Amino acid sequence: MKAAPAALPTLADTAELIRRREVSPVEVTTGLLERIERLDGALHAYITVTADVALRQARRAEAALAAGTYRGPLHGIPIALKDLYDTAGIRTTADSRVLEHNVPAADAQCVTRLYDAGAVLLGKLALSEFATGSVVEGPFPAARNPWNPDHVPGASSSGSGAAVAAGLCLGALGSDTGGSIRIPAAYCGVVGIRPTYGRVSRRGVVSLSWSLDTAGPLARTVTDCALLLQALAGHDPLDPASAAAPVPDFTAGLGPDLSGLVVGVDREHFFGPFVEAQSGAAVEAALGVLRGLGAEVREIELPLLDVAGAALNTIHLSEAHTYHEARIRARPDLYGPALRAYFRLGALAGVADYLRAQQVREKIRRQMLAALREVDVIAGPTTGTLPPRLDAPGTAMVDRFSRRSLTAPFSLTGVPAISVPCGFSADGLPIGLQLAGRPFDEATVFRVAFAYEQATPWHTMHPQE
Amino acid sequence: MSAPGRADFRAAVELAGLGDLPPDELALLRHYFDDWRAQVVQLRAVLEPADEPATVFVAAPPPAGATRRDREAAPGAGR
């Protein structure tokens with residue numbers, strides 16, 4: 001690793017330069033397209049690079065600035081999308097043979113919001129097939145971790161994590177069903193937030209498990225993530241899960257002082273033998289930093305989290321099966337073997353299994369909300385493991401059930417959760433700190449993450465090129 | 001079908017109409033099934049009769065992206 005070179009500015013820094021007209025959207029876009037051309041052959045972060053679209057949008061942004069129109073901090077900012085967001089006229093594959101030649105007629109609502117805010121689309125990013133955990137069977141090459149290309153970048157928003165970490169875009173959208181924003185953020189040493197369920201429209205996003213799917217951003221810093229979520233958040237009457245909740249200014253409360261904040265830690269669930277020692281030590285050190293910033297760190301107990309993974313898996317496989325049932329019966333050959341078996345597993349679950357899982361989910365949610373009345377955020381490692389090698393046993397879907405998920409409890413309960421870099425292993429692989437908050441209180445999650453980030457050096461470090 | 005039937009792999013596969021899958025595909029499905037059924041037992045262990053299903057989560061996937069004209073026509077659409 002090395003200190004940040006000038007070639008990797010943050011989204012917020014670039015926005016300020018564009019606003020002051022010290023750099024043009026076309027210059028920024030051209031520079032990033034050159035980086036993609038030079039570096040992505042080894043990383044495979046992108047499935048589709050939309051250079052023509054990007055340059056056209058950048059020129060339009062530049063012309064608007066020249067005419068005195070500035071749309072805000074995303075004006076002229078090049079971003080990229082996990083390849084399950086519908087993009088009008090641009091292939092959207094979900095890394096699946098089923099959708100390999102799918103060209104949507106309309107944009108996902110998130111894409112419209114980013115365009116309305118002035119963002120520039122660099123391209124569509126790699127993911128695991130249909131956004132399912134760690135499956136690597138799709139038609140496109142698996143993305144690699146920029147910190148060490150022999151290791152996975154995390155799933156399922158693998159290209160989003162890799163592209164942000166390698167400086168191949170200034171921000172990206174991922175999606176998170178059981179951890180698919182936070183895990184690649186942790187493994188790639190960047191920031192990623194799963195917003196509250198209902199905070200961001202999922203209209204036009206390929207579904208995996210509709211009562212869990214959540215759209216959200218990954219970026220280099222907490223501020224960058226907050227700026228992206230600001231553009232994405234808001235009610236969409238055409239998404240049945242969308243909430244009509246007020247959207248605060250997510251950057252307004254960012255600062256260095258955490259006095260008065262209470263950070264909850266459930267050691268039984270988030271620490272123990274299933275967490276690698278280096279990850280646990282990095283997160284313990286992070287808790288010390290939070291104390292130093294004025295926060296009280298308080299022990300809490302959430303015993304039902306032991307079954308959160310079981311409830312999530314049962315709901316996930318039932319809903320995923322329902323979504324894919326007709327297609328998988330008609331053309332099973334278009335699905336990878338492990339994914340095919342996983343989606344078929346949902347056919348073996350009964351209605352009673354699904355409803356029991358939803359009952360358990362409600363019990364866990366009540367326990368979680370009760371804890372969040374006593375503390376402002378809950379902290380722990382984002383993952384129990386360091387990024388595995390691409391060829392390591394256990395990276396396939398077949399082993400997913402046996403693992404304890406540290407991200408599942410917050411997915412299941414629909415609360416916002418962020419992963420922020422908190423250190424590196426001895427081998428130079430990133431480690432993530434997870435912070436979860438009350439429903440629709442992303443502002444407090446950002447506040448704690450920002451104060452921690454600014455007190456530590458991790459966000460200034462980038463992979464060797 | 002009763003829960004014990006669902007807990008039996010062969011019965012569940014037949015009920016789902018998957019009994020004619022090739023042996024290698026059935027073997028992988030069995031691997032997943034055994035692991036998942038063990039988790040279902042955990043779920044039952046924490047439930048009590050008075051527990052209610054979650055009511056805060058929607059029961060349908062989101063629609064495909066609408067056209068710009070659709071969006072503009074929707075009451076309250078936009079930020």
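Every value quoted in this text rests on a predicted model; they were computed, and no experiment measured them. Chain naming here is simple, since letters A, B, ... match the order of the sequence lines and numbering starts at 1 in each.
- Of all heavy-atom pairs between A/A338 and B/L28, the closest is CA-CD2, 3.9 Å.
- Judged by distance alone, with hydrogens and angles left aside, the side-chain atoms of A/Y342 form no donor-acceptor pair with the main-chain N or O of B/Y32 at under 3.5 Å.
- For CD of A/E268, the number of neighbouring non-hydrogen atoms (other residues, nucleotides, ligands) closer than 6.0 Å is 12 at most.
- Both the backbone and the side chain of A/A349 come within contact range of chain B, judged by heavy atoms closer than 4.5 Å.
- The nearest pair of heavy atoms linking B/Q42 to A/A310 is OE1-CB, 3.9 Å.
- B/V46 places none of its side-chain heavy atoms less than 4.5 Å from the side chain of A/R356.
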TODO: Would you sort out whether A/N313 and B/D35 count as a side-chain contact (heavy atoms from CB on, under 4.5 Å), showing the intermediate values?
DONE: CA-CA 11 Å; A/N313 285 336; B/D35 200 350; over 6 Å; no
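- Between A/K363 and B/L47, some side-chain heavy-atom pair lies under the 4.5 Å cut-off.
- Summarising the geometry, atom CZ belonging to B/R30 is positioned 10.5 Å from atom CG belonging to A/L348; distances are rounded to the nearest 0.5 Å.
- Expressed to the nearest 0.5 Å, how far CG of A/D353 lies from CD of B/Q39 amounts to 11.5 Å.
- The parts of B/L43 that come within reach of chain A are both its backbone and its side chain, each placing non-hydrogen atoms under 4.5 angstrom from that chain.
- Contact detail for A/A347 and B/A16: the closest heavy-atom pair is O-CB, 3.7 Å.
- Contact count against chain B (heavy-atom pairs under 4.5 Å) is highest for A/A311 among A/P332, A/A311, A/P303.
- Neither the backbone nor the side chain of B/L26 comes within contact range of chain A; no heavy atom of the residue lies under 4.5 Å from a heavy atom of that chain.
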